[in-house]
Amino acid sequence: MAQDTNIVIDRGESRWSDLWTKEDYLAIWLGFAVIAACILAYFNFGPKEEFSLKVAAADQLQQAEEAKAPFHTIAWHTAADDKAKLKASSSPFGKFVSHWTKHPGSWKSNPADAFVRSKEQADAMNAKAMPKYEEANAGADAALAAAVAAEDAAAAAAFGNQALNREAEARIADWRAEQKKAADAKKKTENKPYNYIPTLIGLCVFFIAIFGGGIFLMGKSPGAFAIGFPVVFLVAVLAYMMGGQTIAKQYGFGAEAWGILLGMLIANTIGTPKKVLPACQVEFFIKSGLVLLGAEVLFSKIMAIGIPGIFVAWVVTPIVLVTTFIFGQKVLKIPSKTLNMVISADMSVCGTSAAIATAAACRAKKEELTLAIGLSLVFTAIMMIAMPAVIKLMGIPLILGGAWMGGTIDSTGAVAAAGAFLGEKAMYVAATIKMIQNVMIGVTAFCVAVYWCAKVECEGGRRVTVAEIWHRFPKFVLGFLAASIVFSLLDSTLGRGLSEAMVEQGVVRGGTRLLRDWFFALSFAAIGLSTNFRVLAKYFKGGKPLILYACGQTFNLILTLTMAYIMFYLVFPEITARI
């Protein structure tokens with residue numbers, strides 16, 4: 001051990017035992033165990049061969065239609081819909097995983113509806129929704145008839161009349177919009193009875209087993225963890241329940257925010273029981289979840305948006321991060337550099353995921369991380385509702401609006417929800433920009449680790465070694481990057497259609513994402529349960545953290561919108577036209 005300016009850094013070489021005794025590595029092994037189990041199950045026992053034939057037939061039909069007409073025909077869209085219906089998660093394994101990872105559902109006035117729904121209730125809900133579905137379905141049929149007539153007219157002119165082509169394209173777009181309305185209405189007629197209580201009990205036992213194993217390898221008491229974990233799990237369950245309430249759901253106040261609030265309420269009123277604290281393994285939960293998040297960052301989707309998206313996500317982000325950090329130090333004079341950095345990364349990169357990685361890199365205090373995450377969740381909820389409204393009010397083009405939201409709203413889920421307010425195209429662009437930005441998690445953690453060793457904690461002329469940087473670097477980020485590489489290679493090998501059916505709609509949505517959401521929910525519940533308002537209050541002194549976040553986000557909004565407009569509409573308009 002070496003000491004300098006009151007900072008102690010372990011310069012010792014990493015031991016091989018670290019691979020199975022340190023939290024970061026255990027998070028990687030747990031994440032990859034989940035990934036391996038899902039890949040093996042879906043590809044060995046799933047409908048890969050059947051899906052491969054159907055995707056090939058649909059692709060062939062789409063290619064024929066593209067050669068025939070200068071626009072996407074009805075047959076082309078029907079083939080696309082046929083491919084979209086192929087979901088490996090509908091296989092027996094997918095249904096098994098979906099059943100045993102259920103969280104409380106939606107409810108309006110009775111919280112019990114989130115856990116139990118009788119057959120009578122389901123039938124009543126279906127009957128109530130049926131008239132709207134029939135009306136929407138009739139509208140879709142009428143729109144289809146108009147689209148068929150317009151396409152037939154264009155085909156009669158051998159697709160050589162531009163006016164007829166534009167008319168056909170417009171009528172097909174109308175049909176697609178009506179078709180979506182009908183599909184959404186149909187979902188409301190497919191309510192089924194359920195009882196999630198036995199499922200939740202089983203899931204709690206499963207989490208005790210997998211996380212308890214990690215706790216044992218870290219040299220801690222798995223028994224103490226098992227005793228306290230049911231309380232952490234219960235808070236996460238209640239957070240899911242509150243997030244599923246109709247009004248909370250509408251305004252984007254999800255399980256993450258409720259987990260922290262409910263946990264803090266317990267911790268600062270009756271007090272979190274001492275037996276529960278060993279189960280508040282915040283970093284173990286969320287690091288495992290971040291490894292699973294890597295499965296959703298695919299190189300093909302990054303390239304789908306191309307250079308404009310990369311500029312919006314990878315150029316704006318570091319500029320905003322560095323500027324916000326300097327603003328906090330030089331103008332606001334925030335005493336804690338670690339708090340300043342974690343808030344800057346949280347706000348500029350991608351919310352809580354970046355905050356966790358950055359906090360690990362600069363060794364921020366738990367209370368500082370909690371404060372940054374709390375600010376992020378509040379601003380995310382506000383921006384998720386406000387930005388689509390502003391975009392519509394100002395008449396901003398959908399692609400530009402989607403890029404703007406993707407680069408500024410912190411949470412990936414909130415980005416997709418906000419994009420959905422504007423339509424599929426905006427949602428696609430927003431989600432893809434956010435996915436590109438997620439890659440910055442690893443880069444940011446590495447750069448912060450280097451900066452903290454080289455500038456912040458290595459004063460007095462002491463040399464910085466690679467070992468020190470490696471010691472500080474959050475190793476779980478390597479798992480995030482490895483998962484991204486593995487799934488990107490799998491995606492490129494299978495091809496777009498089969499990858500969507502087997503990977504996105506199977507391994508990810510029917511496996512890794514389900515557990516990733518739960519891991520995050522557990523971490524937020526644990527954060528709340530282990531947070532004391534009196535300790536947290538000193539960091540709010542003068543309101544500087546709030547001012548920092550608000551000013552940084554304002555700068556982020558302005559710069560992201562400017563960059564998105566320049567890249568998508570001035571420099572690369574041909575890419576925008578293809579989206």
Side-chain angles (χ1 to χ4, degrees), residues 1 8-41 101 203-229 232-233 277-295 353 356-364 366 369 441-442 445-446 449 453 465-487 489 507 511-512 514-516 518-520 522-523 526-527 530:
M1 302 291 285
V8 179
I9 298 178
D10 184 1
R11 296 188 178 199
E13 297 260 340
S14 293
R15 298 170 299 174
W16 282 108
S17 61
D18 288 353
L19 294 175
W20 59 85
T21 59
K22 298 299 183 182
E23 186 176 71
D24 277 30
Y25 291 112
L26 289 171
I28 294 175
W29 306 142
L30 176 56
F32 268 84
V34 171
I35 289 171
C38 291
I39 290 177
L40 289 173
T101 55
L203 185 62
C204 181
V205 173
F206 173 70
F207 285 152
I208 289 174
I210 61 172
F211 285 113
I215 295 297
F216 172 76
L217 292 172
M218 283 189 274
K220 301 176 184 178
S221 170
F225 173 82
I227 291 171
F229 182 78
V232 178
F233 184 78
L277 293 177
C280 294
Q281 300 292 323
V282 175
E283 293 195 4
F284 192 21
F285 296 148
I286 204 163
K287 287 174 181 178
S288 302
L290 285 172
V291 172
L292 295 180
L293 178 63
S353 302
I356 289 288
T358 304
C362 67
R363 306 290 168 83
K366 177 177 66 65
L369 176 60
I441 294 173
F446 175 76
C453 280
T465 66
V466 174
E468 286 174 353
I469 296 173
W470 171 250
H471 179 78
R472 179 174 292 278
F473 180 72
K475 313 302 186 300
F476 71 90
V477 171
L478 298 176
F480 168 87
L481 296 174
S484 176
I485 293 171
V486 168
F487 275 77
L489 291 174
V507 178
T512 61
L514 297 175
L515 286 172
R516 188 258 289 175
W518 267 110
F519 292 175
F520 279 10
L522 291 172
S523 69
I527 286 172
S530 57

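Computed from a predicted model, the values in this text were never measured in an experiment. The residues of the chain are indexed from 1 along the displayed sequence.
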Q. Side chains of Phe284 and Phe476: closer than 4.5 Å at any heavy-atom pair?
A.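 Sidechains of Phe476 and Phe284: no contact.
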Q: Answer whether the closest heavy-atom distance between the side chains of Ile208 and Phe233 falls below 4.5 Å.
A: no
Q: Could you tell me how the ring of Phe211 sits relative to the ring of Phe285: parallel (under 30°), tilted (30 to 60°) or perpendicular (over 60°)?
A: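 The arrangement is perpendicular - the two ring planes meet at more than 60°.
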**Q.** Whether Phe207 and Phe229 hold their rings parallel, tilted or perpendicular, with breakpoints at 30° and 60°
**A.**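 Judged by the thresholds at 30° and 60°, the geometry between Phe207 and Phe229 is perpendicular.
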Q: Spell out, as yes or no, whether a donor-acceptor pair under 3.5 Å connects the side chain of Lys475 to the backbone of Trp470.
A: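 Yes, because the side chain of Lys475 sits within donor-acceptor range (under 3.5 Å) of the backbone of Trp470.
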(Q) Donor-acceptor check, side chain of Trp29 to backbone of Trp20, threshold 3.5 angstrom: yes or no? (A)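 Not at all, since once roles are kept as given, no pair shorter than 3.5 Å links the two residues.
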Can you tell me how far the [atom1] atom of [X] sits from the [atom2] atom of [Y], to the nearest 0.5 Å?
{"X": "Leu290", "Y": "Ile28", "atom1": "CG", "atom2": "CD1", "answer": "11.5 Å"}
{"X": "Phe225", "Y": "Cys280", "atom1": "CZ", "atom2": "SG", "answer": "9.5 Å"}
{"X": "Ile527", "Y": "Leu522", "atom1": "CD1", "atom2": "CG", "answer": "11.0 Å"}
{"X": "Thr21", "Y": "Phe216", "atom1": "OG1", "atom2": "CZ", "answer": "12.0 Å"}
{"X": "Leu40", "Y": "Ile35", "atom1": "CG", "atom2": "CD1", "answer": "11.5 Å"}

If you compare all heavy atoms of [X] against all heavy atoms of [Y], which two are closest, and at what distance to 0.1 Å?
{"X": "Ala361", "Y": "Ala449", "value": "CB-N, 4.0 Å"}
{"X": "Ile39", "Y": "Val507", "value": "CG1-CG1, 4.0 Å"}
{"X": "Ala445", "Y": "Pro474", "value": "CB-CG, 3.7 Å"}
{"X": "Pro278", "Y": "Gln281", "value": "O-NE2, 2.7 Å"}
{"X": "Ala279", "Y": "Gly228", "value": "CB-C, 3.4 Å"}
{"X": "Leu515", "Y": "Val34", "value": "CD1-CG1, 3.6 Å"}

When the side chains of residues 477-486 are checked against the rest of the protein, which donor-acceptor pairs come out under 3.5 Å, sequence neighbours left out?
from: Ser484; atom 1: OG; to: Val297; atom 2: O; distance (Å): 2.7

Q | Of Leu293, Ile356, Val291, the residue whose pairing with Ile286 passes side chain to side chain contact (heavy atoms under 4.5 Å, CB included) | A | Ile356
**Q.** Sequence neighbours excluded, every pair satisfying salt bridge (Lys or Arg N to Asp or Glu O under 4.0 Å) that has a member inside residues 278-294
**A.** Glu23-Lys287, Asp24-Lys287, Glu283-Lys287
